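Below is one structure, written out as structure tokens, with a few remarks after it.
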Amino acid sequence: MSPTNIFAPASTPADSIFGLSIFVLVTVAAIFIVVFALLAYVVIRFRNKRNDDQREPAQIYGSTQVELAWTVIPILIVIALALATARVIASVQDAPRPLGALEVVVTGHQYWWEYRYPSLNIVSANELHVPVSDPAHPTPTFLTLLSADTDHSFWVPRLAGKTDLIPNHPNSMWIDPHETGLFLGQCAQYCGTQHAKMLLRVYVQSREEFDRWVRGQQQTPQSAALSPGQRVFESAACANCHTISGTPAKGRFGPDLTHLMSRDTIASGAAPNTHEMLRLWIKSPDAIKPGSKMPAMGLTDQDVDAVATYLERLR
């Protein structure tokens, strides 16, 4: 099954949208069958025949019954579709926030995602971790959506519908995943050159696994003697864009790298987080994401190796 299958909802908002989609699909399919059946009947019943005398049939001008039918029936169908849609929108947008709900602030950047957990004092990037929600004791995750530059759209098909991130206009959405696993998504609003590689990865974990992840993210890397890689990282422009807790690196333009090696991917899901890919990303970002905002620093191979070794300690 595709990880972005819209017909396999795993969260209440996605399930509501799926139910509405099926209702609309069945309605328009019924309309198509009726119209096509009538058209086929007319074509067959009144086709040209050999013994037809070619006389013009009797002309009927105006029929109140027919005109009422083709006016009232479409109006009733539109009203039914509008009411069903309004009900789903209201149920998704006005959902109550129970005690224990997780709050996450999502900020879209060109071309990566920033995740802040205010109540947990955690900052991460590109890979969102949330606990599974037990239907008997719901623990939904509420997302506040912000944009740092241009329009983006947060869309994980199996968890919820598309919601836009618009500069200076906070938006919100929520999810309550009913099963654990990895759910994939995509920025669904064209936001620039690397829009197609601004991917979404949502890790839905059991409460025990999520708590373990939280404890790991709340730890500050232990300070050690200044390594050659850290020296290069802090002397180059890397520290101006990235944050690493416990070091002078306090940049806000790029992802927080404090726990970089706890992530499965780099470059917003565009490449696996391996030594080879990390080294390539440091040396030549355009080799993975042409047009990305991360510049090539022109480091020597020795410096690239040193920085990669330093970053691989950040777990």
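Keep in mind that the numbers below use all heavy atoms, side chains included, and drop hydrogens, waters and symmetry copies. This structure is a prediction, so every number in the text was calculated from the model and none was measured. Just so you know, residue 1 is the first one in the sequence shown, and it goes up from there.
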- Please tell me if the side chains of D211 and E209 come closer than 4.5 Å, counting only heavy atoms from C-beta onward. no

- Query: What's the verdict on side-chain hydrogen bond (donor to acceptor under 3.5 Å, both in side chains) for S153 and D164, showing C-alpha distance, side-chain angles and the deciding distance?
  - Reply: CA-CA 4 Å; S153 187; D164 287 348; 3.1 Å; yes

- Query: Are L120 and I175 connected in the hydrophobic side-chain network, where two residues link if heavy atoms are under 4.5 Å apart?
  - Reply: yes

- Item | Residues E179 and R158 bridged, charged N to O under 4.0 Å | yes

- Task: Give a yes or no on whether E67 atom CD has more than 12 heavy-atom contacts from other residues, nucleotides or ligands under 6.0 Å away.
- Result: yes

- Message: Assess whether a salt bridge exists between K293 and D149, defined as any Lys/Arg side-chain N lying under 4.0 Å from an Asp/Glu carboxylate O.
- Response: no

- Task: Please work out which of the three classes, parallel, tilted or perpendicular, describes the rings of W113 and F154, given edges at 30° and 60°.
- Result: perpendicular

- Item | Side-chain donor-acceptor contact under 3.5 Å, T265 with N273 | no

- Hydrophobic cluster mates of L99, side-chain heavy atoms under 4.5 angstrom, ILVMFWY only, any path? none

- Item | No-hydrogen, no-angle side-chain donor-acceptor test under 3.5 Å, T258 and D256 | yes

- Task: Give a yes or no on whether the backbone of A148 and the side-chain of T107 come within a donor-acceptor separation of less than 3.5 Å.
- Result: no

- Task: Hey, could you give me the CG/CG distance between N168 and L146, rounded to the nearest 0.5 Å?
- Result: 10.0 Å

- E103 versus T144, side-chain donor and acceptor atoms under 3.5 Å: no

- Item | Gap between atom NE2 of H152 and atom SG of C191 - 0.5 Å precision | 5.0 Å

- Query: Do you reckon V123 sits in the same ILVMFWY cluster as I266, going by side-chain contacts under 4.5 Å, direct or chained?
  - Reply: no

- Query: Between D134 and R207, is there a salt bridge with N-O shorter than 4.0 Å?
  - Reply: no

- Value rounded to 0.5 Å, distance of CD in Q205 from OG1 in T180: 9.0 Å

- Message: Do N171 and T163 pair up side chain to side chain, a donor and an acceptor below 3.5 Å, judged on atom types alone?
- Response: no

- Task: Treating Ile, Leu, Val, Met, Phe, Trp and Tyr as nodes and any side-chain heavy-atom pair under 4.5 angstrom as an edge, say whether I31 and L81 lie in one connected cluster.
- Result: yes

- Query: Looking at D301, D303, D305, which one forms a salt bridge (charged side-chain N to carboxylate O under 4.0 Å, His left out) with K283?
  - Reply: D301

- Message: Quick one: does any side-chain atom of H242 pair with a main-chain N or O of N240 as donor and acceptor, under 3.5 Å?
- Response: no

- Give the intermediate values and the outcome of side chain to side chain contact (heavy atoms under 4.5 Å, CB included) for residues M198 and W112. CA-CA 6 Å; M198 188 171 170; W112 60 281; 5.9 Å; no

- Query: Which distance, rounded to the nearest 0.5 Å, do you find between the CE of M261 and the NE2 of H259?
  - Reply: 13.5 Å

- Message: Is the distance from the ring center of Y203 to that of W213 below 6.0 Å?
- Response: no

- Message: Please verify the inter-ring angle class for H195 with Y190; under 30° counts as parallel, over 60° as perpendicular, anything in between as tilted.
- Response: perpendicular

- Query: Does G251 offer a backbone N or O that forms a donor-acceptor pair with the side chain of T243 under 3.5 Å?
  - Reply: yes

- Task: Step through the shown structure and confirm whether more than 12 heavy atoms of other residues, nucleotides or ligands are within 6.0 Å of CZ on R231.
- Result: yes

- Item | Short side-chain donor-acceptor distance under 3.5 Å, Q186 and T4 | no

- Quick one: do V132 and L143 end up in the same hydrophobic cluster if we chain Ile, Leu, Val, Met, Phe, Trp and Tyr together by side-chain heavy atoms under 4.5 Å apart? yes

- Message: Please report the interatomic distance CG(L311) to CH2(W281), rounded to the nearest 0.5 Å.
- Response: 12.5 Å

